Amino acid sequence: MMKEIRIHGRGGQGSVTMASILAISFFDDGNYCQAFPSFGSERTGAPVQAFARFSDKPIRTRHQIYEPDYIIVQDITLLKSVPVYKGIKEDGKILINSEASVKDVTAELGGISEESVIMFPALKIAMKVLSKPIVNTTLLGAFSALSGVVSIDSVKKEIENRFGSKLGKLNAEAAQTAYNYIKGDKSGF
Amino acid sequence: MKKVLEGSMAIAEGVRLAEPHVISAYPITPQTHIVEHLSQMVADGDLKAEFIMVESEHSAASVVLGAGACGVRTYTATAAQGLLYMEEVIYNIAGMRLPVVITVANRAVSAPINIWNDMQDAMAIRDTGAVMLVAENNQEAYDMHLQAFKIAENRDVMLPVVVNVDGFVLTHTFEVVETIDDIEKVRQYLPPINMEYKLDVESPYSFGTLGEPSVYTESRYNLYNAMNYSRNIIIDSAKEFKDMFGRFYGSLTDSYKMDDAQTVIVAMGSVLGTIKDVVDELRESGKKIGVLKIRSFRPFPEEEIVSALKNVKNVIVAEKAICPGKGGILSVEIRDVLYKHKINSVNVNGYTLGLGGRDITPRNIYDLVLRAEKEENVDGEFIGLSQQYL
Amino acid sequence: MLTKEETYNQLFTMGHTGCSGCAQSMAVKLITEVLGKNTIATSATGCLEVFSTRWPESSWKIPWIHSLFENSAAVASGIEAALKITGKKGGITVLAQGGDGGTADIGLQALSGMFERNHDVLYVCYDNGAYMNTGYQRSGLTPFDAYTTTSPSGKESFGNQRPKKYMPEIAMAHRIPYTAVASAGYPLDLQKKVKKAKSIIGAKYLQVDVPCVPGWKYEPKYSVKLAQLAVQTGLYPLFEAEYDKIISVKKISKKVPVAEYLKLQGRFKHLFRDDAGKAEIEKIQKIADENIEHFGLL
Amino acid sequence: MDFKAGIIAMPGAALSNKTGSFANEIPVYQHKACTGCNLCIYFCPEGVVYGDKKTKIYDFDSDYCKGCGICAEECPVDDIKMVLVEK
């Protein structure tokens with residue numbers, strides 16, 4: 001069974017890094033995986049996409065993801081300019097980095113049920129743990145918790161592999177904090 | 001060991017296994033990650049090579065030409081405009097019978113400037129005398145580089161080998177790649193380069209002499225024969241690779257679900273993955289359809305194509321390049337070999353898609369199959385045009 | 001000095017098809033003699049490549065390679081890299097060669113790259129001031145007012161209307177360890193410079209003035225005389241530089257008016273027709289005088 | 001090996017090309033005023049001049065001399081004369 005994830009962000013927010021960490025984490029959990037960017041010449045700030053797939057069988061197809069099982073949105077302002085929710089599967093989930101509530105973005109969702117949308121204060125958590133407005137690792141932790149398709153241990157391990165010992169540990173902590181937050185541990189927030 | 005690697009990293013790792021002595025390159029998207037990884041390997045001491053970052057692709061190819069003539073193993077990589085800029089030198093490398101390996105991260109050619117994937121760049125060098133292989137996925141790209149050196153350095157081949165890898169679609173995609181960790185086994189598969197003639201003060205031959213009308217034709221004839229002969233070596237290298245490392249992707253071509261196929265999609269490179277998935281679905285709905293993968297574009301797999309397609313009704317060629325003023329390139333060549341073998345029962349339709357990074361979706365492939373059953377011997381038909389831009 | 005037997009052992013052998021009186025072949029002979037057999041040479045496309053390697057013949061007794069017109073310096077860079085990685089660089093000189101077109105026009109990019117990377121290569125530019133191999137077309141090193149087939153003189157023109165490109169200064173601007181200008185007319189000076197270049201590790205540029213019998217249109221016996229006159233008029237200053245500093249110049253023993261040099265060559269004969277031509281000769285004299293001033297040749 | 005054709009040549013194979021037939025004139029060394037300065041050797045574009053500084057006996061190889069006349073022109077003591085080749 002193949003699952004597909006589409007990540008929306010802006011150039012410089014680490015969407016491609018996020019997709020590749022996700023792919024490697026899927027692999028660690030015993031899956032085949034694939035991750036690729038939207039192959040852009042985008043510069044910092046421009047809307048970008050990155051894609052990830054995982055499956056228990058080797059993945060051959062290479063087309064971009066039009067009907068994702070999961071969508072991750074790094075920056076809520078994208079909702080105004082990019083149809084980020086487009087093609088989401090009926091039982092799909094959209095994870096949006098924002099402190100706003102689902103009600104605030106209903107207009108932009110174009111008929112997607114509110115239950116599919118998870119508004120998550122990734123920036124707040126990232127600022128607290130990392131003291132930096134970089135939310136990709138935090139969102140990975142949240143994604144692990146809400147989707148259950150990738151273990152938080154794999155995500156943390158691959159974050160550490162990617163960012164090296166000091167920065168990696170800190171980012172892994174951000175992911176764990178986000179994971180706990182989704183699971184109900186909102187202490188400190 | 002299985003790992004998740006970016007395509008460019010897989011290629012760089014594959015090249016590292018071959019232990020090239022001299023690497024030279026000039027950066028161009030989407031080739032850059034490959035040479036970045038290689039330069040890092042040299043900086044870290046993981047690869048003992050001279051890495052020369054030059055001022056142009058023309059010089060990158062010239063540096064490996066000069067080094068190659070000294071009898072050492074050489075490598076370069078490029079894409080698109082860079083490949084076209086190298087073309088003059090690639091003719092020269094082939095003409096001088098030097099076994100350079102070149103990765104091309106296939107990309108569209110300007111104008112308009114477009115950094116995304118198609119295979120038009122490769123078509124520009126199809127007559128240079130370079131062996132041209134095409135990788136389907138990153139595992140094959142990784143393995144194909146070792147095979148490429150082996151083919152290039154065969155004493156009866158002695159030609160440059162170009163490994164085509166779809167830019168971005170493969171070079172920037174992370175996927176599972178099984179690496180080869182036994183370097184001794186690699187060295188057994190690919191022994192040290194051993195050139196009979198090289199620039200050497202102990203036996204000072206002259207290379208690249210003036211070939212007057214009295215000998216130029218013979219020189220080209222010899223190259224032509226070597227290219228034909230390389231078919232055997234491509235096949236042997238693939239087989240030997242399978243024996244030693246267990247992986248096989250076909251020799252000059254590969255067949256997928258071809259046994260009773262009435263309709264066959266012919267393609268090269270990364271699009272094959274999407275095509276195979278679609279073919280699986282069509283098979284489930286009872287359609288007798290298969291896939292013929294072109295793994296070696298030069299030398300052209302004439303016999304393999306004829307034997308694979310002679311009893312087929314519809315052949316669909318899905319191509320990421322176009323020849324203005326003619327039509328398809330691969331499709332025309334396929335029709336040509338069928339004609340040559342007096343097979344006129346096959347309906348060959350050639351379609352152009354995926355130009356300049358246009359995503360190739362499963363829908364596109366379904367459309368091809370539907371169209372091909374209604375159309376007859378079309379060539380270079382464009383798929384998925386946006387009417388508002390015409 | 002050679003015995004008859006030794007003439008057969010020269011590294012650039014007899015039997016090439018260069019023109020009678022060719023100063024370039026003279027320079028190649030002198031240069032290879034100094035560099036010795038532990039040399040690997042490249043040549044750009046051009047006269048030298050054509051007249052020295054008509055397959056199956058070759059005048060080279062050192063390993064030699066020709067690839068293309070514009071990549072002699074890049075091919076040499078690759079050779080140097082191969083020698084380095086195989087540990088053979090120590091005793092071997094890499095010699096890259098080109099004509100003025102292959103060096104200063106189409107090959108300038110590759111040459112600049114070789115300089116900037118400071119490959120241990122001696123690059124020699126045989127400067128005969130035009131594309132002589134293809135029939136005397138103008139190059140960036142064609143002198144002011146010279147007739148070529150693409151800078152012809154005529155009712156509206158005195159020939160090439162641009163001054164010669166300052167190629168040695170371009171080399172020096174790369175801060176390579178050694179740049180020198182020499183002449184086929186002064187073989188000892190030429191060989192001294194080659195010897196020095198051979199002793200220096202890094203990129204070296206040597207430009208040699210080599211008169212061309214058919215291109216300059218003179219009697220073959222004047223090749224040396226013209227090369228010497230070019231120096232004695234101040235039109236072809238010989239000097240050496242280390243990095244961006246000139247360290248020596250060949251002084252003019254007796255300054256000769258440029259007309260003495262020009263009048264022996266068919267490529268300047270249009271300057272001797274009328275008064276307007278005289279004014280052009282004055283301009284050329286001014287170029288020579290400025291060289292003398294700039295390099296301190298007197 | 002077949003691929004040598006038109007690409008790789010043997011070192012010094014040009015010696016088989018006797019360019020002496022190009023010459024219209026050839027030098028005649030007078031052996032009268034020679035000082036052994038060697039300029040005729042330095043300046044010969046072909047490298048066909050040989051000799052002995054001590055005996056001051058210089059000569060040239062007529063198999064290869066193209067008869068350019070530089071040696072005669074540049075001889076500081078005018079000890080070399082050019083003569084027409086009888087063909």
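Predicted model only: the values in this text are computed from it and were never measured. In what follows, every chain begins at residue 1, and chains take the letters A, B, ... in the order their sequences are listed.
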Heavy-atom count around A/Glu67 CD within 6.0 Å, excluding the residue itself: above 12? no
Hey, does B/Thr173 have a side-chain heavy atom less than 4.5 Å from the side chain of A/Gln34? yes
Given a strict heavy-atom distance threshold of 4.5 Å, which part of B/Leu170 is in contact with chain A: side chain, backbone, both, or neither? side chain
Choice from B/Asp280, B/Asn138, B/Val278 maximising heavy atom contacts with chain A below 4.5 Å: B/Asp280
Under 4.5 Å heavy-atom distance to chain A, tell me which part of B/Lys2 shows up: side chain, backbone, both or neither. both
In this structure, CZ of A/Phe27 is separated from CG of B/Leu5 (nearest 0.5 Å) by 9.0 Å
Contacts of residues 143-167 of chain A with chain B (heavy atom under 4.5 Å): A/Arg162
How long is the span from the CD atom in B/Glu175 to the CD1 atom in A/Ile24, to the nearest 0.5 Å? 12.5 Å
Heavy-atom pair of closest approach, residues A/Ala23 and B/Val4: O-CG2, 4.5 Å
If you tally heavy-atom pairs under 4.5 Å against chain A, which of B/Ile360, B/Asp277, B/Asn117, B/Asn364 wins? B/Asp277
What part of B/Asn114 gets within 4.5 angstrom of chain A, counting heavy atoms only: side chain, backbone, both, or neither? neither
Positions in residues 76-92 of chain A that reach chain B, provided some heavy atom is under 4.5 Å away: none
Does B/Asn137 reach the side chain of A/Arg62, with side-chain heavy atoms less than 4.5 Å apart? yes
Interface moiety of A/Tyr66 toward chain B, non-hydrogen atoms closer than 4.5 Å: side chain
In Å, rounded to the nearest 0.5 Å, how long is the span from CG of B/Leu272 to OG1 of A/Thr61? 11.5 Å
Can you tell which part of B/Glu136 gets under 4.5 Å to a heavy atom of chain A, answering side chain, backbone, both or neither? backbone
Between B/Asp359 and A/His63, is there a donor-acceptor pair closer than 3.5 Å when you use the side chain of the first and the backbone of the second? no
Kindly compute the distance separating CD1 (A/Ile21) from CZ (B/Phe174), expressed to the nearest 0.5 Å. 9.0 Å
Measuring from B/Thr274:OG1 to A/Arg60:CZ, what's the distance to the nearest 0.5 Å? 9.5 Å
